[in-house]
Amino acid sequence: STAAATTTTAATIIAVPPDTTKDITEKDRGAEEKEKAHDLGPATTATTTAHPFDTPAQDEPGADDSPPAPEERPFTEEEKGAEDSPPASEERKPCETAAPCMPRAPEGHPDMVSPYQAPSAASPPSFSPGEEEIHVGIHNYSKNCFSPQRCVQNLVDGQTCYFDDPSSPKDRRLDALWNVSGLGTAWVEFDLYKVRHVQTLVLYGQNEQAHCGREAVSFDLLYQNAAGKYQTALSVKDTYKYPSAGPVSCQQSEEEQCPNPTVRTHRIKGEIAAARFWKLKVTGAYPHAEHYGFMEVKFFGRHIDPEIYPLKLKDYSQNCVSDERCAQNLVDGQTCFQPKVANDALWSIGALGKAWVVFDLLAPCRVSSMIVFGQNCASELTGFELLYEKDNTYQTALSVADSGGTSACRQTAGSACPNPAEYHHYIPGGTAARLWKMIMKKGSPKAESVGIMEVKFHGKRVLDPVISPVSINDDSKNCVSDLRCASNLVDGKTCFESGVAFDAMWSNRHLGWAWITFDLQRPYKVTTLVTYGQNQFSHCAHEATGFDLEFERGGKYHSAMSTWDVYSDITTRVHSCQQQLARECPNPSVHYSFVTGGFVSRFWKLVINRAYSNATNPTFSSGTFGLMEVKFLGVKSEEERQR
């Protein structure tokens, strides 16, 4: 395998008998003139139209509550026909249980497909645990293929062998082919539909001719960073000089040999690059070739679990360089250094081994990975230990000797933003814990102080069950109508449907005076409140977003939790409305608010005191606000469990 590089490299020529390379046939030349009258355009029907993998099915508590996908660069005029969201009419099934579940991929387009099995004629690639093939499409390309029929759409069609059957034009030439005169100008952008950690690239060489006569052997693989720019993840001068990628010489002895023996498997070393868009630049071909190409390109990597919210500090060592540059900055959402603010956590080199931070996830979570955002390279933390709390003791989950996985500094300019020093670490075992401790161990060479900007955890909460049945005990009697009132909050209907209003609605003048008391039928310790926003209109225009939750004790109600705004409060951390369409279903406006006080009660009161406000609805001008459904998660009281 190869280390990441930052420059494009020239092709390396490999010796091969000159008489083994066959010219383009007259049939091919005729097809070229005819086919180049057409253009593939921005999308080649089946492969470039984006698939709706980014919309979680969130119709039940515990569904994947991943944060919004990162902002993408604008499409060109040619690309605007492809959308990355499903049509409103597309049917999507909700998760069937209260436990966390993954978004469902549309039928026929699996999000993560079964692990790759190499052809029998080639050595099978080596994959890390948890690594799977990623479903991909074509996002853009260099528009200089040999012909529209022999172009980039064939790189993701599942066909790994060249097949030329004159009697069946549909099945001919399932490759992507370029003219050698344009070597270095051919490129393809792949869309993985979500941000993915890519660890392995598998290439199937063009196997039309014997002895690899039209195989591309040199390439650069790049990924699009958060700033929309491409940076190199892998640079290969000659695939046959990498024994880890496969045999060190061409294994193809016959024309159109199948299974394809020219399978090359390249690992991405060092830190795992995470991105949605990936670019393959072809820079070199097999010697004596007039044309070159690939049959298929496959990506393998890991699924990224949702980021865990909220994340708070439980405790930390009192040995930062200053109170301003300390642990509280690790959970402030700021991943880039700001000189006038000094928003990092920084320790002296002498504090290493004694500097630590305990993070509180507020509920047990199965942490599958963490992201560490480094400080500038001269003061970067590079080694640490991560532990989880179990039975009042801390046990090691992960030990990192070099946070970047490479000794090369990734930051080329001071205070670079977005922060290039973003390091992903996987945590084996799937242990569920609420408290996680990070001990700082090692810093950059010759550093006088070491630090980091931000820490993020990814995984899934171990949510308590949905409490059922729940009924309405009382309400404020000021709904817009009896048909659109509190009883609809416990009817199991989470989406607004045409002709039937399954919501509870109030006038804006009743903000702070709209309330409902819920009867859980017996005392429960409520740990999570789940609210479904009113979704009759687009852009959350009628959604209730702020409320107080109270529990009954001794005939009086006491505060259990207060959320000023579900779109900015730390306990939900959803920064903007996710609803784009009116009556969108499954309802995308699902919010989880965590109740951490351990309060036990049968009766719970919800007081609504804020409605959604944004550019579409700047001053609550819709006049009304509401919710579709309210659910409580929790466990029975100790007395109830003992009965």
Visitor: Taking the side chain as C-beta and beyond, is there a heavy-atom pair between Trp347 and Ser317 under 4.5 Å?
Guide: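 Contact flag for Trp347/Ser317 side chains = yes.
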Visitor: Are the side chain of Gln534 and the backbone of Gln536 linked by a donor-acceptor contact shorter than 3.5 Å?
Guide: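 Pair found, side chain donor or acceptor close to backbone of Gln536.
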Visitor: Run the side chain to side chain contact (heavy atoms under 4.5 Å, CB included) check on Phe518 and Val490 step by step: do they pass?
Guide: CA-CA 9 Å; Phe518 298 87; Val490 293; 4.0 Å; yes
Visitor: Can you find a pair of side-chain heavy atoms, one from Leu435 and one from Tyr394, that are under 4.5 Å apart?
Guide: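 Side chain of Leu435 against side chain of Tyr394, heavy atoms only: contact under 4.5 Å found.
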Visitor: Is a side-chain N or O of Thr545 found less than 3.5 angstrom from the main chain of Asp565, in a donor-acceptor match?
Guide: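 No: the side chain of Thr545 does not pair with the backbone of Asp565.
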Visitor: Just by modelled atom types, is the Leu483 backbone N or O under 3.5 Å from a matching donor or acceptor in the Asn488 side chain?
Guide: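 Yes: the side chain of Asn488 pairs with the backbone of Leu483.
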Visitor: Write down the atom of Ala514, the atom of Ser476, and the distance for their closest heavy-atom approach.
Guide: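 Result for this residue pair: CA-OG, 3.5 Å.
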Visitor: Would a distance-only check, ignoring hydrogens and angles, find a side-chain to backbone donor-acceptor pair under 3.5 Å from Glu629 to Gly492?
Guide: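 Yes, because the side chain of Glu629 sits within donor-acceptor range (under 3.5 Å) of the backbone of Gly492.
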Visitor: If we only count heavy atoms from C-beta on, is the Ile308 to His458 side-chain gap below 4.5 Å?
Guide: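 They are not in side-chain contact.
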Visitor: Without swapping roles, check the side chain of Ser507 against the backbone of His510 for a donor-acceptor pair under 3.5 Å.
Guide: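 Between the backbone of His510 and the side chain of Ser507 there is no qualifying donor-acceptor contact (under 3.5 Å).
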Visitor: Give a yes or no on whether the backbone of Ser471 and the side-chain of Asp519 come within a donor-acceptor separation of less than 3.5 Å.
Guide: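 No; zero donor-acceptor contacts below 3.5 Å.
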Visitor: Contact between Met438 and Val372 at the side-chain level, heavy atoms closer than 4.5 Å - yes or no?
Guide: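 Counting from C-beta outward, Met438 and Val372 do come under 4.5 Å.
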Visitor: Would you say the side-chain atoms of Lys477 pair up with the backbone N or O of Asp475, donor to acceptor, closer than 3.5 Å?
Guide: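 Here the side-chain-to-backbone pair exists.
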Visitor: For Leu627 and Leu606: C-alpha separation, side-chain torsions, deciding distance, then whether side chain to side chain contact (heavy atoms under 4.5 Å, CB included) applies.
Guide: CA-CA 12 Å; Leu627 295 169; Leu606 188 68; 4.2 Å; yes
Visitor: Can you tell me how far CG of Leu346 sits from CE of Met453, rounded to the nearest 0.5 angstrom?
Guide: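 If we round to the nearest 0.5 Å, Met453:CE and Leu346:CG are 10.0 Å apart.
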Visitor: For Lys636, give me all partners under salt bridge (charged side-chain N to carboxylate O under 4.0 Å, His left out), at least two apart in sequence or on another chain.
Guide: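 Result, salt bridge (charged side-chain N to carboxylate O under 4.0 Å, His left out) vs Lys636: none returned.
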Visitor: Working to the nearest 0.5 Å, report the span between CG of Leu387 and CD1 of Ile439.
Guide: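 Interatomic distance, Leu387 CG to Ile439 CD1, rounded to 0.5 Å: 5.0 Å.
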Visitor: Do Gln521 and Pro469 come within less than 4.5 Å of each other through their side chains, counting heavy atoms only?
Guide: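 The answer is yes, as the side chains (C-beta and beyond) meet within the 4.5 Å cut-off.
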Visitor: Would a distance-only check, ignoring hydrogens and angles, find a side-chain to backbone donor-acceptor pair under 3.5 Å from Asn587 to Thr494?
Guide: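 Yes.
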Visitor: Let me know which of Phe457, Trp436, Tyr388 forms a ring pair (Phe, Tyr, Trp, His ring centres under 6.0 Å) with Phe359.
Guide: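 Looking at Phe457, Trp436, Tyr388, the match for Phe359 under the ring pair (Phe, Tyr, Trp, His ring centres under 6.0 Å) is Phe457.
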Visitor: With side chain to side chain contact (heavy atoms under 4.5 Å, CB included) as the test, would you mind laying out the steps for Met370 and Val455 before giving the verdict?
Guide: CA-CA 7 Å; Met370 70 179 300; Val455 174; 3.7 Å; yes
Visitor: Counting only N and O atoms by type, is there a donor-acceptor contact under 3.5 Å from the side chain of Asp474 to the main-chain atoms of Trp515?
Guide: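 Absent.
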Visitor: What closest approach, in Å, do Ala345 and Cys326 show between heavy atoms, and which atom pair accounts for it?
Guide: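 Ala345 and Cys326 have their closest heavy atoms at CB-O, 3.5 Å.
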Visitor: Compare every heavy atom of Arg484 with every heavy atom of Cys479, then report the nearest pair and how far apart it is.
Guide: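 Scanning both residues completely, I find the closest heavy atoms to be CB-O, 3.5 Å.
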Visitor: Please give me the minimum heavy-atom distance between Ala544 and Ile608, naming the atom from each residue.
Guide: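 So the two residues come closest at CB-CG2, 3.6 Å.
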Visitor: Can you check whether Lys314 reaches Glu389 side chain to side chain, under 4.5 Å on heavy atoms?
Guide: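 No, side chains not in contact.
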Visitor: Please report the closest heavy-atom contact between Tyr223 and Ala275, naming both atoms and the distance.
Guide: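 Of all heavy-atom pairs spanning Tyr223 and Ala275, the closest is CB-CB, 3.7 Å.
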Visitor: Would you please classify the geometry between the His425 ring and the Tyr423 ring as parallel, tilted or perpendicular, with 30° and 60° separating the classes?
Guide: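 Tilted, since the angle between the ring planes falls between 30° and 60°.
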Visitor: Quiz question: by atom type and distance under 3.5 Å, do the side chains of Thr624 and His542 form a donor-acceptor pair?
Guide: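 A donor-acceptor contact under 3.5 Å links the two side chains.
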Visitor: Nearest 0.5 Å, please: how far is CG in Asp464 from CZ in Phe594?
Guide: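 That separation rounds to 10.5 Å.
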Visitor: Just checking, is any N or O donor in the side chain of Asn343 or Gln334 under 3.5 Å from an acceptor N or O on the other one?
Guide: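 Checked: Asn343/Gln334 side chains show no N/O donor-acceptor pair below 3.5 Å.
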Visitor: Could you pull out the closest heavy-atom pair between Gln328 and Asp323, with the gap in Å?
Guide: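 Looking at all heavy atoms of both residues, the shortest contact is NE2-O, 2.9 Å.
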Visitor: Taking only residues two or more places apart in sequence or in another chain, which ones pass salt bridge (charged side-chain N to carboxylate O under 4.0 Å, His left out) with Asp315?
Guide: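 Listed in chain order: nothing, the list is empty.
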Visitor: Quick one: does Asp491's side chain have a donor or acceptor within less than 3.5 Å of a partner on Lys493's backbone?
Guide: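 Answer holds: yes.
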Visitor: Rounded to the nearest 0.5 Å, what separates atom OG in Ser487 from atom CG in Asp482?
Guide: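 Rounded to the nearest 0.5 Å, the OG-CG separation comes out at 9.0 Å.
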Visitor: So with a 6.0 Å cut-off around NZ of Lys437, is the heavy-atom count from everything else above 12?
Guide: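 Yes, NZ of Lys437 has more than 12 neighbouring heavy atoms, counting only those of other groups under 6.0 Å.
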Visitor: With under 30° as parallel and over 60° as perpendicular, where do the rings of Phe599 and Phe551 fit, or are they tilted in between?
Guide: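 If you compare the ring of Phe599 with that of Phe551, the planes turn out parallel.
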Visitor: With a 4.5 Å cut-off on side-chain heavy atoms, are Val367 and Leu361 touching?
Guide: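 Result yes, sub-4.5 Å side-chain heavy-atom pair found.
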Visitor: Enter the distance from Ser468:OG to Leu633:CG here, rounded to the nearest 0.5 Å.
Guide: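 Going from OG on Ser468 over to CG on Leu633, the span is 11.5 Å.
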Visitor: Should Phe632 and Leu529 count as side-chain neighbours, where that means a heavy-atom distance under 4.5 Å?
Guide: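 Phe632 vs Leu529: side chains touch.
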Visitor: Evaluate side chain to side chain contact (heavy atoms under 4.5 Å, CB included) for Thr596 paired with Lys312, printing each intermediate quantity in order.
Guide: CA-CA 12 Å; Thr596 60; Lys312 294 186 177 181; over 6 Å; no
Visitor: CZ/Phe547 to CZ/Arg610 distance, rounded to the nearest 0.5 angstrom?
Guide: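 Result: 12.5 Å between the selected atoms.
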